[in-house]
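First the structure, in the form of structure tokens, and then the observations on it.
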Number of protein chains: 2
Amino acid sequence: MTPTIKDVAAYAGFSIATVSRAINAPHTVNPLTLAKVREAIAALNFRPSPLGRQLRSERTRLIGVILPTLSNPVFAECLQGIDELAAAQGYRLMLMTTQYDADRERHAIETLREQRVEGLILTVADADTHPLLDELDRDGPLYVLMHNDTVRRPSVSVDNRQAAYDGVRMLIAHGHRRILMLAGTLAASDRARLRHAGYVQAMQQAGLTPAPALEVDFNAEELAPSVLAHLTNGAARPTALFCSNDLLAMVVIRGLRRARFQVPRDMSILGFDGLAMGELLAPALASIGSPNRDIGCAAWERLMTRIDSARANAAPVQNQSLSLTLPHTLRTGATIAAIAHEPAIVNDAGSRHDSADDAAIHAIDALRAR
Amino acid sequence: MTPTIKDVAAYAGFSIATVSRAINAPHTVNPLTLAKVREAIAALNFRPSPLGRQLRSERTRLIGVILPTLSNPVFAECLQGIDELAAAQGYRLMLMTTQYDADRERHAIETLREQRVEGLILTVADADTHPLLDELDRDGPLYVLMHNDTVRRPSVSVDNRQAAYDGVRMLIAHGHRRILMLAGTLAASDRARLRHAGYVQAMQQAGLTPAPALEVDFNAEELAPSVLAHLTNGAARPTALFCSNDLLAMVVIRGLRRARFQVPRDMSILGFDGLAMGELLAPALASIGSPNRDIGCAAWERLMTRIDSARANAAPVQNQSLSLTLPHTLRTGATIAAIAHEPAIVNDAGSRHDSADDAAIHAIDALRAR
DNA sequence: TTGAAAGCGCTAACAC
DNA sequence: GTGTTAGCGCTTTCAA
């Protein structure tokens with residue numbers, strides 16, 4: 001069916017070795033021979049099978065990518081970055097998604113390992129306590145985590161604790177004092193934990209009382225009554241919500257709206273992820289931005305570094321820390337309103353500002369200068 | 001490094017043939033032997049290399065997926081559907097993106113073909129006039145197109161012309177008479193062409209004058225002044241815009257907003273794609289929905305059918321048409337306002353409705369009954 | 001029931 | 001500069 005190197009050799013009248021050389025080291029064969037071989041290749045529309053090649057050389061030029069889902073643009077953006085570099089460097093990508101399911105994570109790793117991927121780029125729910133990763137450390141292919149925020153393993157992410165801290169400080173700078181954190185059903189993830197820690201830190205530092213993260217069902221059409229009660233009832237209701245991701249923020253905004261709550265007049269909202277989509281909302285979603293594409297690219301580069309050094313010598317590169325932290329951004333948006341009736345807790349005891357955006361910008365400047 | 005079948009054989013004290021049989025046809029080996037082999041496999045943490053296996057059996061269980069981009073959730077959703085089925089059926093996916101670039105399309109096909117994928121699922125800019133697809137028809141792997149709306153090739157999509165027609169009729173039913181179609185920079189795609197054809201048909205049928213599609217730069221922060229002029233100037237300005245996709249619609253809404261145009265009061269907007277995200281906007285985006293996930297799944301199933309029948313006998317299945325059309329939906333949203341000052345052109349000369357949504361629902365019923 | 005051996009497509013020694 | 005040959009990990013006759 002598909003022509004093999006043998007067919008080419010027969011057609012050209014040379015041995016398969018010569019054909020192989022003509023393909024892989026053209027300068028070592030007679031130009032005339034080369035021409036004939038090339039003609040044969042063209043005539044037969046031959047393309048070398050990577051299978052035989054890989055079998056021989058132990059190099060597959062294959063990288064596995066394991067993501068929780070592609071429904072969240074965060075991961076799609078990462079993948080986009082990875083794909084760009086992979087294509088440019090002649091690697092192929094094998095993709096599997098897990099929906100955060102442990103069984104599927106295991107299955108994906110098994111499958112990709114069977115395929116002899118040279119490396120793995122992945123995002124898991126909780127990196128620290130992940131037994132599969134220990135396995136990989138021992139004898140699996142090299143890997144780099146994306147988004148998982150841990151110093152214990154090779155990873156690329158933003159500083160989730162710091163980012164959440166910055167974001168919540170911004171809310172506080174806008175005069176908010178009753179700030180609640182909302183988390184998706186994946187409250188157990190390392191990121192969610194760290195984001196909550198940042199929230200707690202910012203609150204305490206401002207002399208405010210942090211609360212446990214409120215879990216919200218992501219996929220529900222409406223906000224659960226119990227959640228809505230938390231958000232809207234009584235005088236002690238929060239004036240601002242820190243949502244652990246943008247998709248969640250959008251769902252919450254819709255839920256509030258249906259409950260006749262206006263954003264940001266009745267409730268300020270801060271998301272996390274900095275989805276491009278958020279800027280198209282009205283009001284534009286305020287969010288802590290994570291450079292998803294860059295995270296993908298950085299993960300790729302880390303992985304390549306690891307692979308190259310593993311190939312060169314057995315000693316892994318130890319002069320760089322395992323985890324790489326990329327800078328986050330604070331995207332001010334129109335979903336945050338300043339609370340006027342209480343004095344804002346901002347260090348620069350300067351002038352009051354007219355618009356929420358002005359205040360936000362100053363708040364950020366203050367944070368950045370920190 | 002990684003254990004091979006030989007290591008297992010040596011460890012278990014049998015030949016590699018027996019090990020192979022123990023793995024692939026357990027019932028043909030002595031239970032005692034089987035147990036020993038399995039023990040060896042477990043002890044060495046052996047997993048058969050698909051490379052050797054594929055080399056032998058000519059089956060890679062590998063499917064290539066080629067998409068323009070993952071930044072548009074439309075494609076991410078398709079991929080999600082494909083991935084689900086692939087995982088369930090023990091296939092692996094190799095992904096490449098093209099950014100609609102012809103060179104990259106060619107390169108992707110070459111690469112995947114080299115990898116000996118058993119099939120290809122892809123979306124191209126324009127399927128009808130695509131030379132690479134002719135090549136695939138001749139001697140490439142089997143393929144199925146997604147989203148490309150053509151009867152000439154194996155494909156899965158919605159009926160773009162009909163969908164656009166339905167959508168524009170809905171706008172007309174809301175009393176709009178000056179309706180403009182906006183297209184992204186990819187106005188040359190088969191889909192864009194058909195959507196415009198549907199628009200033209202709906203307009204003409206209502207005795208209105210269709211206009212050429214107005215091209216809008218997708219990535220620009222602001223709408224181009226020339227575009228804005230078209231949309232906002234004079235008494236003849238359009239009252240409704242049919243955007244050839246949701247992302248474009250969102251960009252347009254933002255641009256209009258910046259120009260102090262309110263949606264839907266000053267301009268009604270209808271998108272195309274039915275992105276889940278659109279429902280979270282405020283106002284929720286009206287859109288012609290395409291079942292992206294299902295399109296991915298259907299493409300998968302078509303491909304499997306083609307592969308299976310190709311394997312069974314050389315004769316391809318001819319009793320099903322090449323292209324499969326999936327039903328679209330009309331998602332009414334708050335971005336469409338009824339125009340009160342002109343009588344709505346609706347067949348049911350019944351009662352006037354209070355809200356735009358009511359009118360829309362009736363309009364759809366009317367269309368559906370057609 | 002098990003083993004020996006051939007061969008899938010290719011690369012890389014080594015010989016000529 | 002070119003050919004011969006071994007072997008990558010596996011499946012699959014064919015014999016025993």
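Predicted, not measured: the structure shown is a model, and the values here were computed from it. Convention: sequence-line order gives letters A, B, ...; per-chain numbering from 1. Values reported hereafter were calculated over all heavy atoms of this structure, with side chains retained and with hydrogens, waters and symmetry mates removed.
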Just to verify, what does Ile41(A) make a side-chain contact (heavy atoms from CB on, under 4.5 Å) with, not counting sequence neighbours?
Val8(A), Ile23(A), Val37(A), Phe46(A)
For Asn148(B), enumerate each residue passing the side-chain contact (heavy atoms from CB on, under 4.5 Å) test, keeping only those at least two apart in sequence or located in another chain.
Thr123(B), Val124(B), Ala127(B), Leu145(B), Asp190(B), Arg191(B)
Partners passing ring pair (Phe, Tyr, Trp, His ring centres under 6.0 Å) against Tyr11(B) (at least two apart in sequence or in another chain)
none
Taking ring pair (Phe, Tyr, Trp, His ring centres under 6.0 Å) as the test, write out the residues that go with Phe75(A), two or more places apart.
His147(A)
Going 5' to 3' along DNA chain D, which are the first and last nucleotides with any atom under 4.0 Å from a heavy atom of chain A?
dG1(D) to dG9(D)
Contacts of [X] that satisfy salt bridge (charged side-chain N to carboxylate O under 4.0 Å, His left out) - sequence neighbours left out:
X	value
Asp137(A)	Arg153(A)
Arg104(B)	Asp83(A), Glu84(A)
Glu39(B)	none

Any chance you could list the contact pattern along nucleotides 10-16 of chain C? Use B for base contacts, S for sugar-phosphate-only contacts and - for none, protein heavy atoms under 4.0 Å, 5' to 3'.
BBBB---
